[in-house]
Each structure stands twice: as structure tokens, then as C-alpha cells.
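Reading through the C-alpha cells given below for one structure.
Residue numbers start at 1 and run along the sequence shown. All values reported here derive from a predicted model rather than from experimental measurement. Remember, it's 1-based here, ligands and their atoms both numbered in the order they're listed.
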Amino acid sequence: MNTPLPATLLADLRQLLGHNLSTDDGERLSYAYDNSRRQALPDAVAFVTTHDEVEALVRACRQHGVPVIARGRGTNTTGATVPVNGGVVVSFERMNRIVRLDPDNRLAVVEPGVLNGDLQKALAPLGFFWPPDPTSSPWCSIGGNLACNSAGPRAVKYGSPRDNTLGLRAVAGTGESFRCGTYTTKGATGYDLTRLLIGSEGTLALITEATLKLTPKPSGLRTMRATYEDVGSAARAVARIMAQPVTPCALEFIDDVALGLARAHGGDSVPVAGAMLMIEVDGEPSALDDAAHAVAQAASGHGLMDLSVARTAEETALLWSARKALSPAQRTISPHKINEDVVVPVSRLPELVDGVKRLAAQHDVLIVCFGHAGNGNLHVNLLPRNDAERTRAEACLHELFALVISLDGTLSGEHGIGIAKRDFMPLALSANTLGLMHRVKDAFDPDGILNPGKLLPPRL
Ligand SMILES: Cc1cc2nc3c(=O)[nH]c(=O)nc-3n(C[C@H](O)[C@H](O)[C@H](O)COP(=O)(O)OP(=O)(O)OC[C@H]3O[C@@H](n4cnc5c(N)ncnc54)[C@H](O)[C@@H]3O)c2cc1C
């Protein structure tokens with residue numbers, strides 16, 4: 001049960017935000033949960049619109065030791081925006097201006113509530129894009145993308161938000177405003193606080209403005225689909241593709257179990273194979289044939305069953321149909337799917353997939369593996385169909401993470417930690433590393449008011 005907000009704090013916040021502060025029960029309920037399906041009621045929801053409001057709000061909450069939970073659109077999968085200790089949810093959805101598009105310097109300055117998809121639409125007529133491309137792009141905010149270091153298929157070539165952000169403006173848990181980073185593509189002026197804040201899940205500071213690095217949009221795209229007899233052959237092809245000079249802009253893997261599921265849902269257009277790669281190459285039309293040829297050669301080798309190249313938009317859609325059928329197929333089978341996004345070095349993908357098959361048999365749970373193979377980042381989705389399977393799937397998780405760490409991998413490639421993976425952090429990071437992270441947290445947020453209970457496990 002939450003302690004209600006102190007009356008003086010409530011009065012201060014009402015004065016600061018007027019009708020943009022809500023303590024209405026319905027509104028609190030709407031901001032209690034996120035895509036993790038966990039929930040806990042906040043005491044109030046603040047719809048901030050300016051940096052100064054954020055600063056004043058954090059200062060006021062700090063005085064009373066009240067938690068402050070930043071929120072974009074709540075699409076994260078890890079419970080990162082669930083106000084587990086109550087407090088004030090700070091929604092950035094009304095702080096959504098594109099402040100400046102500056103193609104000459106290849107940058108955009110945006111407020112955190114801008115949706116990823118809206119930014120891409122604004123950039124397209126200028127011939128640019130911002131590379132981070134989560135599938136949720138039409139519904140997720142730039143602030144959320146930065147705070148989770150979210151990416152998607154394009155990260156294999158263009159990187160994640162850490163590689164595509166020049167600078168930030170933010171408010172620390174102390175209530176202090178600061179800027180970090182640069183408006184330039186080079187900079188060697190002190191510690192890199194920009195990269196530190198990216199991926200910090202609202203536990204160090206609230207981001208109020210971001211300077212994003214833009215990339216010119218290539219005008220050509222070629223899509224290929226390669227099927228293999230087994231996972232090992234597909235994984236070796238991934239290593240070969242990544243070892244030659246033409247980096248694809250998507251290199252997605254689907255294992256045999258996921259293909260079977262997609263076929264049952266999507267029909268005969270989904271191939272029967274031991275594993276499949278979806279490969280995309282982008283560039284200028286004059287160079288595209290050579291680039292596609294180089295990648296196709298690398299994809300060919302022992303275990304290849306078929307390599308199809310799309311020549312039209314319809315053919316491209318057909319090749320992607322297996323991947324597209326996968327999401328609805330998983331939902332139909334298991335409304336309680338456990339969605340992980342582990343990462344291993346590319347050469348260890350076969351060991352990961354073999355290990356997952358072993359765990360699936362041992363715990364008698366359906367598990368599918370698919371995702372961003374070029375980064376070694378696989379969505380390992382556990383699909384329990386009833387309560388008994390759900391209990392077994394939870395038990396399987398610990399062994400999955402232990403397997404990933406034993407393969408020199410890590411817990412999350414793009415979804416982050418939140419509450420869901422917080423207690424597994426000691427598997428991935430040593431006590432000394434976690435101790436340093438706690439001390440960094442103390443420097444930004446000495447009273448621990450920013451997004452408490454997330455990312456870092458309790459101190460030893
Ligand atoms: C259908 C679907 C597909 C998805 N596909 C992908 C995918 O392909 N790749 C991927 O990486 N993720 C994916 N996700 C997960 C999710 O969309 C991303 O994590 C996204 O970046 C979250 O953005 P959001 O605006 O919803 O943030 P929220 O969920 O609201 O917040 C996420 C985190 O960011 C913090 N935060 C938000 N705004 C700020 C701010 N201004 N300052 C400081 N901290 C802040 C929050 O406190 C929280 O810790 C998917 C989700 C769905 C529902």
C-alpha cells in the first residue's frame with residue numbers, strides 16, 4: 001500500500017503543473033502498468049511539458065523523498081516504468097516537440113516524448129533517418145529508446161542509440177540540470193556521460209532533450225532469404241557474412257521450432273528448414289548488385305538449402321512472411337510468453353541454440369529462438385501454455401541466463417533490465433562492478449528517488 005503524497009508536495013506540484021498533474025484513480029491506473037504486464041499504482045501522474053518543470057518537480061520530490069518514475073509510452077518489456085514504490089510517474093508524452101532538424105550538421109534536437117516513428121517521418125523528406133528502429137517504432141518514444149538503448153534489425157550495420165546520440169540535456173536525482181555530449185560528431189572533452197545515461201532506465205537522470213546523430217537514407221534495398229539444413233550451418237553463414245566487408249542492414253535468424261510455429265500459422269509460404277536467415281543489404285542502386293552478390297556468396301556454403309533474392313516489393317513481402325507470422329503465432333499459443341533478448345558472440349550462436357533445445361526438453365517447455373543474428377542477439381521466447389508450464393518456464397530462466405554467461409554473452413541486447421532481470425545481474429557482473437555502479441547511482445541520485453527498484457539489485 002502506498003503512502004499518499006505529502007499535502008505540501010501535492011500543493012507544490014499542483015501549483016507547478018496545474019491540470020497537467022493528475023491524482024485521478026482512472027489516470028493512476030492507466031499509468032500503473034507497462035508492456036511487462038506487471039502493475040503498481042503511482043500516487044500521481046505528471047504530464048510535464050518543459051525542462052524547467054522537470055527540474056522543479058524532481059527538486060520538490062527529493063525534498064520529500066518521493067519516487068520519480070520517468071515514462072515514455074510504457075512499451076518496455078521489463079517492468080521498467082512500473083512504480084513499484086508508488087510516487088510520481090512523469091509522463092513525457094506531452095513534451096514531444098522536434099526542436100530542430102539540422103541536415104547540414106546531420107543532427108536533430110528533440111524532446112524525449114517524440115515518437116520514434118514520427119521522427120523518422122519528419123526526417124524522410126530530408127533524405128535522413130535515425131538508425132535505432134525497434135519494431136515498436138510507431139508507439140515508442142525517443143526518451144524510452146535512449147533510456148533502454150533500444151534497437152532493432154538495423155543495429156547490425158548502424159548501431160544502437162549509444163552509437164547514434166551526440167548529446168543530452170537532463171535533470172539528475174539531485175534536481176540539478178546538466179548537459180552532456182556535443183553538437184559535433186567528434187568530442188574528447190571529459191567523461192562520456194551521454195553513453196552512461198543511455199541504457200540507465202531513468203535511474204540516474206530524466207532526459208529532457210536529445211541531440212541525435214542522423215544518417216543519410218540509402219535509396220536501394222535488396223532482400224534475401226537463405227534456408228539451411230541445421231542451426232550450425234546457418235550460424236556459420238552468419239559468421240562468414242559478418243567477416244566480409246559488406247555489412248548487411250539486417251541479418252535475422254529463425255530456428256526450426258520458430259519456423260514450424262510460423263508455418264502452422266502463416267501457411268505454406270513459410271519454408272521447411274533447419275534454420276533460416278533473412279538478409280538485407282542497402283546502398284545506392286548502382287552498387288547494390290555487387291553488395292548483394294558479396295553477401296550471397298558469404299551466405300552460401302555447407303548446409304545451404306536455398307537462397308532466394310526478391311526482385312519486387314511483392315517478393316520481398318513474401319520472403320518476410322515467415323518472420324511476420326511468428327509474432328501472432330506466439331501470441332495464439334501462449335498469452336504468457338516470456339520474452340528474452342540474450343546476446344552471445346556470433347560464433348557461439350550454435351552453442352546457444354543447442355543449449356536452449358536442451359533446456360526446452362529438460363523443463364518440457366516450448367522455446368523458440370529468432371532475432372538479430374548479426375549481433376548475436378537472439379530473442380529466446382519461452383511459450384508456456386498453462387500454469388504448470390509457466391512455473392517450469394520460470395525455473396528454466398535461471399539456467400538460460402547461466403548458459404548465456406558461460407558462452408561469454410550477456411543478459412540483454414536491447415530490452416534492458418528493469419525489474420524482470422534485476423536479480424540476475426550478479427550472474428553477469430562482478431560484485432566490484434555492481435559496487436561501482438551503485439556508487440555512480442549515488443552520485444546522480446543520492447536519495448535513490450529515481451525509478452527505485454529497477455536495474456541494480458539491492459546492495460550486498
Ligand atoms: C510490439 C513491441 C515491439 C517491440 N520491439 C522492440 C524492438 O524491436 N527492439 C527493442 O529494443 N525494443 C522493442 N520493444 C520494447 C520497447 O518498445 C522499447 O524498450 C522502447 O524503447 C520503450 O519506449 P517507451 O517510450 O515505451 O518507454 P517506456 O516503456 O515508457 O520506458 C522505458 C524506460 O525508459 C525510461 N524513460 C522513459 N523516458 C525517459 C526519459 N525522458 N528520461 C529518462 N528515462 C526515461 C523509463 O523510466 C523506463 O525505464 C517492443 C515493444 C513492443 C510492445
closest protein heavy atom to atom 31 (O) of ligand 1 is Thr81 CG2, 3.3 Å
Closest to atom 37 (C) of ligand 1 among protein heavy atoms sits Gly72 N, 3.6 Å
Fill in: Asn149 side-chain N/O to Ile198 backbone N/O, donor-acceptor pair under 3.5 Å
no
query = For Trp139, is at least one N or O under 3.5 Å away from an N or O on ligand 1?
reply = no
Are Tyr228 and Phe253, when compared by the centres of their aromatic rings, separated by less than 6.0 Å?
no
re atom 29 (O) of ligand 1, the protein heavy-atom contact at minimum distance is Asn76 ND2, 2.8 Å
- Please say whether Cys148 places an N or O atom under 3.5 Å from an N or O atom belonging to ligand 1. no
Q) Has ligand 1 got any nitrogen or oxygen that is less than 3.5 angstrom from a nitrogen or oxygen of Ser150? A) yes
Hey, is ligand 1 close enough to His372 that some N/O pair sits below 3.5 Å? no
Counting from 1 in the order shown, the ligand 1 atoms closer than 4.0 Å to a non-hydrogen atom of Ala205 are 43 (C)
Ligand 1 to Ala151, heavy atom cutoff 4.0 Å, flagged ligand atoms 7 (C), 8 (O), 9 (N), 10 (C), 11 (O)
Taking only non-hydrogen atoms of Glu201 and a 4.0 Å limit, the atoms of ligand 1 in range are 47 (O), 49 (O)
- [ ] Go through the side-chain N and O atoms of Thr223 and Glu280 and say whether any donor and acceptor fall under 3.5 Å apart.
- [x] yes
heavy-atom search around atom 12 (N) of ligand 1 in the protein gives His415 CD2, 3.6 Å
Short side-chain to backbone donor-acceptor contact, Asn451 and Glu201, under 3.5 Å = yes
Restricting to heavy atoms, the pick from Thr208, Thr75, Asn377, Asp341 nearest atom 15 (C) of ligand 1 would be Thr75
(Q) Could you check whether any side-chain heavy atom of Phe444 comes within less than 4.5 Å of a side-chain heavy atom of Val440, counting everything from C-beta outward? (A) yes
Fill in: Heavy-atom check, side chain of Asn164 versus side chain of Leu212, under 4.5 Å
no
In ligand 1, the atoms that come under 4.0 Å of a heavy atom of Ala147 are 34 (O), 35 (C), 36 (N), 44 (N), 45 (C)
Numbered in order shown, the ligand 1 atoms found under 4.0 Å of a heavy atom of Asn35 are 51 (C), 52 (C), 53 (C)
One finds that the ligand 1 atoms under 4.0 Å from a non-hydrogen atom of Pro112 are 41 (N)
Across all chains, not counting sequence neighbours, the salt bridge (charged side-chain N to carboxylate O under 4.0 Å, His left out) partners of Glu111 are Arg97
| said: Test your reading of the structure: does Arg71 have an N or O sitting under 3.5 Å from an N or O of ligand 1? | reply: no
| Quick check: does Ser136 get an N/O under 3.5 Å from an N/O on ligand 1? | yes
State if Ile69 counts as touching ligand 1 under the rule of any non-hydrogen atom under 4.0 Å.
no
For Asn451, the ligand 1 atoms with a heavy-atom partner under 4.0 Å come out as 47 (O), 49 (O)
Ion pair Arg390/Glu394, N-O distance below 4.0 Å
no
Nearest non-hydrogen protein atom to atom 24 (P) of ligand 1, with distance, is Arg73 N, 3.5 Å
For Asp442 and Arg439: C-alpha separation, side-chain torsions, deciding distance, then whether salt bridge (Lys or Arg N to Asp or Glu O under 4.0 Å) applies.
CA-CA 5 Å; Asp442 290 344; Arg439 297 205 287 283; over 6 Å; no
Does Thr135, backbone or side chain, put an N or O under 3.5 Å from an N or O of ligand 1? yes
Looking only at non-hydrogen atoms, the one of Gly79, Ser137, Gly74, Gly144 nearest atom 30 (O) of ligand 1 is Gly74
Scan side-chain atoms only and decide if Asn339 and Thr77 contain a donor-acceptor pair under the 3.5 Å cut-off.
no
Worksheet item: Has Arg154 got its NZ or CZ under 6.0 Å from the middle of the six-membered ring of Phe129, at an angle within 45 degrees of the ring axis?
Response: no
- Item | Heavy atoms from other residues, nucleotides or ligands near CD of Gln15 exceed 12 (cutoff 6.0 Å) | no
For the residue pair Ser36 / Asp34, report whether a side-chain donor-acceptor contact shorter than 3.5 Å exists.
yes
Out of Ser160, Ser200, Ala70, the nearest non-hydrogen contact to atom 45 (C) of ligand 1 is supplied by Ala70
* To do: Measure the acute angle between the ring planes of His379 and Phe370, then classify it against the limits of 30° and 60° as parallel, tilted or perpendicular.
  => tilted
Worksheet item: Side-chain contact, heavy-atom cut-off 4.5 Å: Glu53 with Met95?
Response: no
*Hey, does Ile207 come in under 3.5 Å of ligand 1, counting only N/O atoms on both sides?*
yes
So the atoms of ligand 1 within less than 4.0 Å of a heavy atom of Leu206 turn out to be 42 (N), 43 (C)
Pro134 versus ligand 1: do any nitrogen or oxygen atoms come within less than 3.5 Å of each other? no
